[in-house]
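This is a predicted model, so every value here is computed, not measured. In what follows, every chain begins at residue 1, and chains take the letters A, B, ... in the order their sequences are listed.
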Number of protein chains: 2
Amino acid sequence: MNAIARRQKHKAELKTQILEAARQIFVRDGYENFSMRKLAQRIEYSPGSIYLHFKSKEELFESLVEESFERLLKVVAGIQNGHAKQDPVESLKKGLRAYVDFGLRNPNDYRFAFMLRRPVQKRPYRVHPVFGVLRHMVGRCVEEQRFRAVDVESTSQALWAAIHGITSLLIQRPTFPWVGRKELIDQVINNAVDGLAVMPGSEEKATAGVRHAQFNRVPATSTARSRS
Amino acid sequence: MNAIARRQKHKAELKTQILEAARQIFVRDGYENFSMRKLAQRIEYSPGSIYLHFKSKEELFESLVEESFERLLKVVAGIQNGHAKQDPVESLKKGLRAYVDFGLRNPNDYRFAFMLRRPVQKRPYRVHPVFGVLRHMVGRCVEEQRFRAVDVESTSQALWAAIHGITSLLIQRPTFPWVGRKELIDQVINNAVDGLAVMPGSEEKATAGVRHAQFNRVPATSTARSRS
DNA sequence: CATTCATAGTGAACACTGTTCATTATACTG
DNA sequence: CAGTATAATGAACAGTGTTCACTATGAATG
C-alpha cells in the first residue's frame, strides 16, 4: 500500500514536471511552435509517455491555462474581498484594471485562453469564475445605487467586452501606434464604467449621502502618441 | 506579345481560381483545418503548383483576408460618404455595427486578421484603412460638436477596443450564455458612443440647434438571456 | 519543319506534426 | 524467485508546409 502511494506521488510529480516544461516552451516559442516532441525531448522521455498523463495536446494546454486563470482569479477576487468597505465603483475599476494588467503581463496565457483556441463546446458552458467576480462587482454597484438600474448580466458582459477588447488588441498588435498604454486603458475603463454611474443632474434613484461618481474621462489633448 | 499576354491572363485566372477554392475550404473547414494539399487536390494541381502563385500558406491567407476586408471597407466607407448630411453620431454607430456584423459574418477572416496571427512587424505599421475611416468619423463628431472635445486618436482607439472586444468574444465563445446578441452589441456601442456625446444639462460647447444625442441605453430587465 | 528555350507543372523528398500501440523494461507483491 | 501490474519505449501511421531537380508544354526562332 505504501508502495503504490509512492508510485502515485511520483506520477503526480512527473505530471507537474511536464506542465512546467510545457509552460516554458509555450512561453518561449509561442503556441504555434510548441510540439509534443519538443516537450518530450526536454523532459527526456519519449513522446508517447506524455500521453500517460494527458490524453492530448489540447488537454495539456487546458491544464496550463487553468493554472493561469487561477492566478488571475486570485488577483481579482483579492480586490473584491480585500476592499469590502471600499467604494464599489472603485473596486470594480481596480478589478478591471487588474484583468487587463494580467493579460498584458501574461500574454501567452491570455492569448491561448481567449484568443487562439476555440473552446471545446461540450456540456453546458461553465461560466468562468473570473466573470462571476466581475458580475458580482457590478451587482454591488447596482445594489448600492452607485449605478443606474441597469441589467447586471448584460452590463457585465458589455464591460467584459470592453476590457477584453483593449487587452487583446494591445497584446496582438504591439506595433500599432497606440496612444499611451496606461491612458488608453484608463480611458476605456472610465468610459465604460462612468457611463453606468448615476448621472449628476438626473436624480433617478440616487439616495442622499451617496456621492456621485466622478467622470474621469481623459481631457482633450493634441493627438499625442507614445510608444506601445 | 500576344502570346505572352494570353499566358499572363491564364496565369491570373488560375490565381483567382486558387483563391476561390481556398476561400471555400477556408470557410467550410476553418483556418486550422485548411491544408495546401486539400487545396491542390481541389483545383486538380500538385501541391507544388500553388507555390508558383503564392510563396506561402501565410501569404495565401493574407490575400484572402485582404479581399474580405476590402468589402468591409466599402461598406463602412459607404456609410461615411453616402450619408454625408446625416447625423455623424448615427453614422458612427452604423459604422461600428457594420464592423461587428462583418466579424460575425466572416469569423474566419476576422479570426485570422485580428485574433490568431500577430502581424508581421516589418516596416512602420500600416494603419488599417478601416481604422482610418473610424477615426475620420470620430473626427467629424468632434468637429460638428456632437462630441465633447475629446482627443480623436485615443477615442478612436478606445472605440475600436470596444467593438473588437465584443466581436472577438462572440466569435470565440459562441456557447457562452450571452444575453441577446443584438442587444448586447447595441449596449456596447451605445455605451461607448453616448458617453462621448455632449451631455444634456452640461452646456459646454454645444451650439444652439444641435440636438443632443439620445441616451439609448438598454433598460433594466430581469436577467433575461437568449441563445448565442 | 526542326530546334531552341522559357515557363508550368510535377512528384518525390525533407523535416516536421499529433497520436497510437505492440512490445519491452521496471518495480513491486505473493 | 516467479508473477504481475504498470511505466516507458520506439516504431509506425497519416498527416503537415515547403523545396527542388526534373519533365512536359507550347511559343518563337533559325
Side-chain angles (χ1 to χ4, degrees), chain A residues 1-19 21-26 28-65 112 116-120, chain B residues 1-26 28-65 108 111-112 116-118 120:
Chain A
M1 297 295 173
N2 194 320
I4 77 159
R6 195 163 62 238
R7 281 262 146 149
Q8 287 184 340
K9 187 191 163 196
H10 177 254
K11 188 168 180 174
E13 282 173 356
L14 185 49
K15 184 163 180 170
T16 69
Q17 195 201 328
I18 292 174
L19 280 170
R23 166 153 266 135
Q24 277 180 30
I25 299 173
F26 179 44
R28 198 157 53 76
D29 300 3
Y31 173 75
E32 30 272 328
N33 290 36
F34 176 96
S35 93
M36 294 301 253
R37 286 180 156 88
K38 264 192 202 170
L39 173 56
Q41 201 179 327
R42 193 181 193 79
I43 59 172
E44 291 175 296
Y45 279 82
S46 79
S49 296
I50 302 171
Y51 290 82
L52 276 297
H53 303 87
F54 301 93
K55 74 173 199 291
S56 70
K57 185 185 172 184
E58 189 76 10
E59 203 203 67
L60 170 56
F61 278 125
E62 212 115 2
S63 307
L64 235 37
V65 169
F112 184 79
L116 17 108
R117 199 215 43 182
R118 47 171 101 253
V120 277
Chain B
M1 297 295 173
N2 194 317
I4 78 159
R6 194 163 64 237
R7 281 265 145 145
Q8 287 184 341
K9 187 190 164 197
H10 177 255
K11 188 169 181 176
E13 281 172 358
L14 185 49
K15 185 165 181 171
T16 70
Q17 196 202 327
I18 292 175
L19 280 170
E20 276 171 28
R23 163 150 272 135
Q24 279 180 30
I25 299 173
F26 184 44
R28 198 158 53 77
D29 300 1
Y31 171 78
E32 29 270 328
N33 289 38
F34 177 98
S35 95
M36 294 301 251
R37 285 177 155 91
K38 264 190 202 169
L39 174 57
Q41 201 179 329
R42 196 182 192 79
I43 60 172
E44 291 175 297
Y45 279 81
S46 80
S49 296
I50 302 170
Y51 291 83
L52 276 297
H53 302 87
F54 301 92
K55 77 171 197 294
S56 71
K57 186 186 173 184
E58 188 77 8
E59 202 203 69
L60 172 56
F61 278 128
E62 212 116 1
S63 308
L64 232 39
V65 171
N108 284 301
R111 273 167 57 81
F112 181 80
L116 15 111
R117 200 215 40 181
R118 52 169 99 250
V120 277

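Side chains of A:Phe54 and A:Ile18 form a contact here, defined as non-hydrogen atoms less than 4.5 Å apart. The closest side-chain heavy-atom distance from A:Phe61 to A:Phe34 is below 4.5 Å.
You'll find that the side chain of A:His53 is closest to D:dA8, out of D:dA8, C:dT19, D:dT18.
Taking atom NZ of B:Lys57 as the reference point, atom P of D:dT16 lies 9 Å away to the nearest angstrom. For the pair A:Ile50 CD1 and D:dA7 P, the interatomic distance rounds to 16 Å; values are reported in whole Å. The interatomic distance linking B:Met36 (CE) with D:dA14 (C1') rounds to 19 Å, in whole Å. When rounded to the nearest whole Å, the span between CG of A:Asn33 and P of D:dT16 equals 19 Å. Look at NZ on B:Lys38: it is 11 Å from C1' on D:dG15, rounded to the nearest Å. When rounded to the nearest whole Å, the span between NZ of A:Lys11 and P of D:dT6 equals 9 Å. Here D:dA5 presents its P atom at 21 Å from NE2 of A:His10, a figure rounded to the nearest Å. In this entry the distance linking OH of A:Tyr45 with C1' of D:dA7 reads 9 Å, nearest Å.
Note on B:Phe54: nothing from the nucleic acid sits closer than 4.0 angstrom, heavy atoms only. Across all strands shown, B:Leu60 has no heavy atoms under 4.0 Å from either base or sugar-phosphate atoms.
OP1 or OP2 of C:dA8 has not a single side-chain nitrogen or oxygen of B:Ser49 nearer than 4.0 Å. Not one side-chain nitrogen or oxygen of A:Ser46 sits closer than 4.0 Å to the OP1 or OP2 atom of D:dG10.
Scanning atom types as modelled, no donor and acceptor separated by under 3.5 angstrom connect the side chain of B:Arg37 and the base of D:dG15.
In summary, B:Lys57 and B:Glu62 do not engage in a salt bridge, as defined by a charged side-chain N under 4.0 Å from a carboxylate O.
Between A:Tyr31 and A:Phe26, the ring planes lie perpendicular to each other; the angle is over 60°, past the 30° to 60° tilted range.
The main-chain N or O of A:Leu64 is found under 3.5 Å from a side-chain atom of A:Arg23 such that the two form a donor-acceptor pair.
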